[in-house]
Amino acid sequence: MRSELLTPTRLGDFELAPLGMGTAKLGAFWQKRSIKEGEEALNRALDMGLGLIDTADVYARGISERIVGRAIKHRDNVAVMTKVGLLKTPRGIISARKHVGQVGLQGLKAATTASTCFAPGYVESAALDCMRRQGRDELDILLLHEPKASDFEQTALLEQLNSMQERGMIKAWGASVRSQEDALAAVLAPGLSWLQVPVNLGNTTIADNLLPLKKDVTLVGLAVLGDGSLLPRVTAGGLNRPKAVAALVEGAYRHPAIDAVLLGMSRPAHVTENLAALERGVSEADLKSVQKLLES
Ligand SMILES: NC(=O)c1ccc[n+]([C@@H]2O[C@H](COP(=O)([O-])OP(=O)(O)OC[C@H]3O[C@@H](n4cnc5c(N)ncnc54)[C@H](OP(=O)(O)O)[C@@H]3O)[C@@H](O)[C@H]2O)c1
């Protein structure tokens with residue numbers, strides 16, 4: 001049976017398929033991905049019915065956002081999650097310094113150390129840069145990129161994000177976090193309505209702990225293939241590659257706390273084979289065998 005990941009459903013204020021396209025590697029030519037290939041991968045995913053897209057100001061140093069902006073220009077039924085605050089590019093670092101001076105950014109080495117900046121003024125100016133790169137005058141979902149639990153204690157930051165939403169600059173806001181401690185602080189932040197957390201069939205701890213707390217927050221699972229690293233383990237267990245991807249994605253989505261799942265795809269062939277496998281559906285036997293394999 002066709003996976004429900006391909007059928008539009010309510011996600012916050014949007015009606016979209018819950019399989020989201022991760023664009024971290026789109027156009028990253030230093031990782032041997034061309035812009036043309038990235039554009040083709042994203043357009044193919046959109047043509048095949050996906051509409052939830054995840055990007056960030058630092059992905060491929062802004063190239064990902066530009067590709068996303070061009071691809072969605074004349075499309076409806078799309079929502080873009082855009083992340084700011086992770087300082088990986090010289091432009092981001094210079095801009096952050098204007099807002100916080102050297103304090104808190106001491107020792108930062110341009111483009112090599114991924115520090116973060118969530119000063120309220122910086123977050124708004126970074127969001128404006130995202131709009132410019134994407135060619136849009138409003139962002140759908142603005143996410144803080146890997147904030148720590150302590151960042152959610154900054155009342156001024158939360159007020160800034162809620163004010164940006166009230167002013168129509170962003171439709172919603174949230175965060176993308178890595179650890180359980182940060183996720184538990186984020187989910188309780190007043191106004192936050194989207195949260196990205198790592199989840200995979202072998203490790204659902206963060207999602208398990210968020211389940212009783214999440215209420216009106218749309219929870220998005222990421223790194224469901226462990227950035228590709230889980231695939232060889234699963235294929236070695238006997239499943240072919242598209243079936244293995246489909247089982248890993250489906251398994252993460254079936255977690256009761258998870259509302260949507262991101263799948264990073266920068267190769268058009270991966271889009272085609274992954275979506276075809278989800279069209280065919282995932283058998284219970286495949287799901288069980290993958291779960292057993294990852295838990296062992
Ligand atoms: N903290 C954060 O904010 C954060 C952290 C991580 C991820 N993310 C977001 O979540 C998205 C997904 O996470 P992720 O990139 O860590 O990992 P992922 O979705 O677990 O894995 C993506 C990797 O799997 C590969 N892949 C996909 N389908 C495949 C197939 N059929 N055969 C072989 N390989 C396949 C992709 O290759 P190709 O690229 O070559 O197609 C990519 O390298 C990212 O793109 C990003 O948007 C956010």
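Note that ligands are numbered from 1 as they come in the structure, with each ligand's atoms numbered from 1 the same way.
Within 4.0 Å of ligand 1, protein heavy atoms belong to Gly22, Thr23, Ala24, Lys25, Arg33, Asp54, Tyr59, Lys83, His145, Glu146, Ser176, Arg178, Leu222, Ala223, Val224, Leu225, Gly226, Asp227, Gly228, Leu231, Arg241, Val245, Leu262, Leu263, Gly264, Met265, Ser266, Arg267, His270, Glu273, Asn274, listed by chain and number.
Counting heavy atoms from C-beta outward, Val224 and Leu262 have side chains that stay 4.5 Å or more apart.
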Please output the side-chain donor-acceptor pairs of residues 39-50 that fall under 3.5 Å, not counting sequence neighbours, one pair per line with the distance.
residue: Glu39; atom: OE2; partner: Arg70; partner atom: NE; Å: 3.1
residue: Glu39; atom: OE2; partner: Arg70; partner atom: NH2; Å: 2.7
residue: Glu40; atom: OE2; partner: Arg44; partner atom: NH2; Å: 2.9
residue: Asn43; atom: OD1; partner: Arg75; partner atom: NH2; Å: 3.0
residue: Asn43; atom: ND2; partner: Glu39; partner atom: O; Å: 3.0
residue: Arg44; atom: NH1; partner: Pro268; partner atom: O; Å: 3.4
residue: Arg44; atom: NH1; partner: Thr272; partner atom: OG1; Å: 2.6
residue: Asp47; atom: OD1; partner: Arg75; partner atom: NH1; Å: 3.0
residue: Asp47; atom: OD1; partner: Arg75; partner atom: NH2; Å: 3.0

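A search for salt bridge (charged side-chain N to carboxylate O under 4.0 Å, His left out) contacts involving Glu4 returns nothing, not counting sequence neighbours. The side chain to side chain contact (heavy atoms under 4.5 Å, CB included) search around Leu192 returns Phe152, Trp173, Ala175, Ala186, Ala189, Leu195, Val217, not counting sequence neighbours.
Salt bridge annotation for Arg91-Asp129: present, with a cationic side-chain nitrogen under 4.0 angstrom from a carboxylate oxygen. Look at Asp57 and Arg61 and you find no salt bridge, because none of the NZ, NE, NH1 or NH2 atoms lies under 4.0 Å from a carboxylate O.
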